[in-house]
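Have a look at the structure below, then the notes.
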Amino acid sequence: MRSVAGLASNWTALLCIVAAFLCVLQTAVSVKEHDFKKCDQSGFCKRNRAFADTAAAQHSTWTSPYNIIPDSATLKGGQLHATILKTINHKGETARFPITVSFLKSGAARVSIDEEKRQKGEIELRHQSTARKERYNDAQSWVVVGGLDLDKSAQVALQDKSQINIKYGIDAKLEAVIKFSPFELEFRRDGQTEIKFNDRGLLNMEHWRPKVEKPEGQEGEVAAGEDESTWWDESFGGNTDTKPRGPESMALDISFMNYEHVYGIPEHTGPMSLKQTRGGEGNFEEPYRMYNADVFEYILDSPMTLYGSIPFMQAHRKGSSVGVFWMNAAETWVDIIKTKGSANPRNLVPAAKTSTHTHWISESGILDVFVFMGPTPHDLTKMYGELTGYTAMPQEFAIGYHQCRWNYISDDDVRDVDRKMDKFKIPYDVIWLDIEYTDDRKYFTWEPHSFPDPIGTGKQLDRHGRKLVVIIDPHIKKLDSYSVSKQLTTQDLAVHNKDNEMYEGWCWPGSSNWIDCFNPKANEWWKTLYKYDTFKGTMENTFLWNDMNEPSVFNGPETTMPKDNIHHGHWEHRDVHNLNGLTFHNATFEALVSRKKGERRRPFILTRSFYAGSQRLGAMWTGDNQASWDHLAASIPMILNQGISGYPFAGADVGGFFGNPEKDLMARWYQAGAFYPFFRGHAHIDSRRREPYLLGEPYTGILTAALRLRYALLPSWYTAFFHANRDGSPIVRPMYWTHPSEEGGFSIDDQMFVGSTGLLVKPIVDKDAVSTNIWIPDDEVYYDYTTYQVMKTQKAKHITVQAAINQIPLLMRGGHIFPRRDTPRRSSAMMRFDDYTLVVSASKKGTAEGELYVDDGDTFDHEKGQYIHRKFTLANNSLSSVDAEGRDKKSVKAGQWLKAMGEVYVDKIIIVGAPAAWNRKELQIESEGRTWTVKSEYHAAAKGRAAFAVLGRVGARIGQDWTIKAVA
């Protein structure tokens, strides 16, 4: 689903409808870049970039105007407090900025800088605004869920009139060095400087000042080196942003010393290893922008903003990772430059090393930055997840295949697609309804002629173990006769405009109001709308899709809400813009959890807009892509980048949202989509119908094979989600994350490992390609997934893998064991109590390890211990299964699901690369105090294919300990 961009603010209702209709017809028009700001069109970005240019031009004489008052620096209970003085002008006038550096038990540190005058409310607002006088300081309440316990063992190692050094972390191996004049902050690990703040002197907190009226004709002139033209108001695209607090941006340079590669800060297109942004061959000219927006048919390889923002950046070099999380929800830009040696002659850094220097610029709010000192990529994702929350454990159906388009037009249409997927034996779990299911774009209603019997449709889906997802957006059609609208307005639960009146804009329904999910009362009201007896037509297998929640406003500036709108608590929209999607996502999450008393089921909600913390609430997708090979290719690094940034439940519209994909593209996209954590086919209303069964052979068969591969591997995918839920591990993992010491993999973002399975996939993303080159990160053996061929690999080298149109380049790394369910079914629900196959991929040493995690895939009972978590080990010619957590079986009383799993078994074991000791016709297995014989078929190595053994039927309960030995 997408919006209409760039429409004039004085639309009439008729023009809105006409323009929307024309936009629907235009499927080939790409995003108009001029509809979205460049840095020099965003006043605060332009000012801070100019500030940086001045500092660079005067680098030998430049001194930051920010200094800590030495006597103000004190450490107590794990927090350092001090006051920064900003010298404003040559007259010696100053502004005061309190700084707090918090040292956390996790090993992270937090640096917060506020402005004393605004903090105390000692400012005047313009335009009779009702906005808050403070800088926005409430992002923590939405984003942070843990990890804030202070390290009270942190201690002063050195303090004098020039600096204070704080030792903290485990064994005090971490050190923060705060220099007073000018203010600089270094973070060291084992004595080596890893991160520097204000090393280049770009800290810039725009202090409050009253507006001085000037004689006509002088407004906007440069005075004392400052351009005031956008201090007090700013226009773009026919919209004017009033600024009642005046200029209030803040910026800081953060340098990653001796780190060439930085990752993260989604959502953007382009390589996962972020590019430089100050021009030059192969670089961007513009900074990376984070300002959630409805971007129509986005362009590729660009720092342009997209639908979501996670201001979490990681730096990596061989053997070391560090990161920062810039917790600010306002419009933010990030410049990146890289230098050989040191950008500051005071640093004694070997000239051969490359450092990355970043410049973070936000329009408003306090400066609030978390610093993570690693030292591994896994440490960073774990610490970030401890702070902002780990990925929600999804319902099992959510990681199956989702069938969607804008729009399935009727009950009959939905039922027909469902029947035909069965007829062609194509597995799927969810079918989706876009906005056309509603009665005249009124959410929580059904179009009475097309969808007269949604309960009947839901029941048919339920019989087949399938779900229905319907779309609900945050804009509510403004109509007195529409009860939802009337409740929203009479209870005053909507966003207000700058005049503190209910804001009205245009979206799909026409004139609309927007629910203000920052308001707790609005959230409580939102819950009532989802009750089964209120949202009639929904049932237990109905779930939700939150779109347009940036928010998208067709006639708003940059297709979103004016920055001077007012939210609950009297915060301006500019302060909270990037949080808006998260708050709406959260309101829907809470509504689904509470829609029926006593019903404790996990929700499923897809969101388009997101921020740090959204991973706790459900899945995201990369928005309105195109049916083209380059958009298929771009989806891989985008999804990988989401995963390392703490939001791994990510996917892209399979087949491309806009356009009509050729059949080869559909085949390759489904093969790639089978390895997206979130796997959904979707299409624009003008795109031809493209359900898998419509393609004809051989393509229907190719798509079906990709889908069946996904379903066979669901136990492995679910286990990968479990690890993401426990410690923040990405579900699909890039090479630098799995092999952080192999420099050749640091820029590779087109291949990935699936969880800890050892499955290495590189989807084909080029037209007419029948082979691809896969980079091998280590000296381990690799097997072809399908043929068990031993690949002729060499560490840090590429190998060529053949992949005809019906093949996926998929390898198994030696040393892993992963679970499958091999019986084809129509949906994951029908597989719920199927037996398991274990695939063992033996290492060069003849060893392997792996895991299985399984729970009921539906409720929250796993939080009460109702789950199975097994560890499998191949060693010393013995294969065994034990409880992965060493739990006593008697410690958990089995509920209904766990009892039913007592009759689920290991059916078959395939050992690829099986040592000769497994060359036996029968093997003995021990489990639950019994011993019995398992038949084995051993296939000797031949013509490059590995030896392999097939054991079956094994007959051991999946939840019990067992051992199979290949020795007499």
Side-chain angles (χ1 to χ4, degrees), residues 712-713 715-716 719 756-759 779-793 810-823 834-852 868 870-884 902-968:
L713 290 171
S716 290
T719 302
S756 58
T757 62
L759 290 171
D779 282 326
E780 191 50 81
V781 63
Y782 284 79
Y783 309 96
D784 181 271
Y785 177 83
T786 304
T787 66
Y788 307 155
Q789 192 82 7
V790 179
M791 310 306 293
K792 296 179 180 179
T793 62
L810 179 59
L811 307 181
M812 298 185 292
R813 181 181 183 272
H816 298 268
I817 302 173
F818 58 90
R820 294 191 317 215
R821 276 177 158 159
D822 286 347
T823 304
D834 281 353
D835 291 341
Y836 289 89
T837 293
L838 298 181
V839 179
V840 181
S841 175
S843 70
K844 287 182 175 180
K845 296 179 180 180
T847 62
E849 287 187 351
E851 290 180 73
L852 166 70
I868 292 170
R870 307 303 298 176
K871 180 180 179 180
F872 308 114
T873 303
L874 173 69
N876 301 319
N877 293 318
S878 175
L879 182 62
S880 63
S881 171
V882 297
D883 190 280
E903 298 305 314
V904 176
Y905 298 85
V906 179
D907 176 51
K908 184 166 62 175
I909 299 173
I910 303 170
I911 305 175
V912 181
W918 292 88
N919 186 6
R920 297 171 179 273
K921 292 184 178 180
E922 291 185 344
L923 297 162
Q924 283 199 328
I925 182 169
E926 297 178 8
S927 181
E928 301 182 77
R930 297 189 302 115
T931 301
W932 64 92
T933 299
V934 175
K935 291 185 177 180
S936 174
E937 293 182 6
Y938 185 85
H939 303 264
K943 298 181 179 179
R945 189 207 64 213
F948 68 98
V950 180
L951 285 59
R953 157 149 172 105
V954 175
R957 299 178 198 270
I958 193 63
Q960 297 294 328
D961 293 356
W962 50 262
T963 301
I964 301 174
K965 294 182 178 180
V967 292

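These numbers come from the heavy atoms of this one structure, side chains and all, not from hydrogens, waters or symmetry mates.
Remark: Thr787 engages Asp784, Gln789 in a side-chain contact (heavy atoms from CB on, under 4.5 Å) (not counting sequence neighbours). For Tyr788, the ring pair (Phe, Tyr, Trp, His ring centres under 6.0 Å) criterion is met by Phe948, not counting sequence neighbours. Checked against side chain to side chain donor-acceptor pair (under 3.5 Å), Glu903 has the following partners two or more places apart in sequence or in another chain: Tyr905, Arg957. Every residue two or more places apart in sequence or in another chain that forms a side-chain contact (heavy atoms from CB on, under 4.5 Å) with Val790 is listed here: Val781, Tyr783, Ala946. Among residues two or more places apart in sequence or in another chain, the side chain to side chain donor-acceptor pair (under 3.5 Å) test is passed with Ser843 by Thr847. Residues that satisfy the side-chain contact (heavy atoms from CB on, under 4.5 Å) test with Asp883, not counting sequence neighbours, are Arg870, Glu885, Arg887.
Interatomic distance, Asp822 CG to Thr837 OG1, rounded to the nearest 0.5 Å: 3.5 Å. Of the inter-residue distances, the one linking His816 atom NE2 with Leu759 atom CG reads 9.0 Å to the nearest 0.5 angstrom. The structure places CD1 of Ile925 at 8.0 Å from OG1 of Thr963, a figure rounded to the nearest 0.5 Å. Taking OG of Ser878 as the start and CD1 of Ile964 as the end, the distance is 8.5 Å to the nearest 0.5 Å. The OG1 atom of Thr719 sits 12.0 Å away from the CZ atom of Phe818 when rounded to the nearest 0.5 Å. From Glu851, atom CD reaches atom OG1 of Thr873 across 9.5 Å, with rounding to the nearest 0.5 Å.
Of the possible polar contacts, one joining the Glu780 side chain to the Lys844 backbone as a donor-acceptor pair under 3.5 Å is found. Counting only distance, with no hydrogens or angles, the side chain of Ser716 and the backbone of Pro819 share a donor-acceptor pair below 3.5 Å. With hydrogens and angles ignored, the 3.5 Å screen pairs no side-chain donor or acceptor of Arg920 with any backbone N or O of Glu937.
Asp835 and Arg953 get closest at one heavy-atom pair: OD2-NH1, 2.8 Å. Looking at every heavy atom in both residues, Arg813 comes nearest to Ser841 through O-OG, 3.0 Å. When all heavy atoms of Asp961 and Val882 are compared, the pair lying nearest together is OD1-CA, 3.5 Å. Taking both residues in full, the closest heavy atoms of Lys908 and Val950 are given as CD-CG1, 3.8 Å, listed atom of the first, atom of the second, then distance. Between Ala842 and Gly913, the shortest heavy-atom contact is CB-O, 3.4 Å. In terms of heavy atoms, Thr793 sits closest to Tyr782 at CG2-CB, 4.2 Å.
Annotation: cation-pi geometry not satisfied between Arg820 and Tyr836 (NZ/CZ under 6.0 angstrom from ring centroid, within 45° of ring axis).
Here the side chains of Leu951 and Trp918 are in contact, with some heavy-atom distance below 4.5 Å.
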Working for side-chain contact (heavy atoms from CB on, under 4.5 Å), residues Leu879 and Ile817: CA-CA 10 Å; Leu879 182 62; Ile817 302 173; 3.9 Å; yes
Test side-chain contact (heavy atoms from CB on, under 4.5 Å) applied to Lys965 and Gln924, step by step: CA-CA 7 Å; Lys965 294 182 178 180; Gln924 283 199 328; over 6 Å; no
Derivation of the side-chain contact (heavy atoms from CB on, under 4.5 Å) call for Ile909 and Phe872: CA-CA 11 Å; Ile909 299 173; Phe872 308 114; over 6 Å; no
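Counting heavy-atom neighbours within 6.0 Å of Asn876 CG, excluding the residue itself, gives a total of 12 or less.
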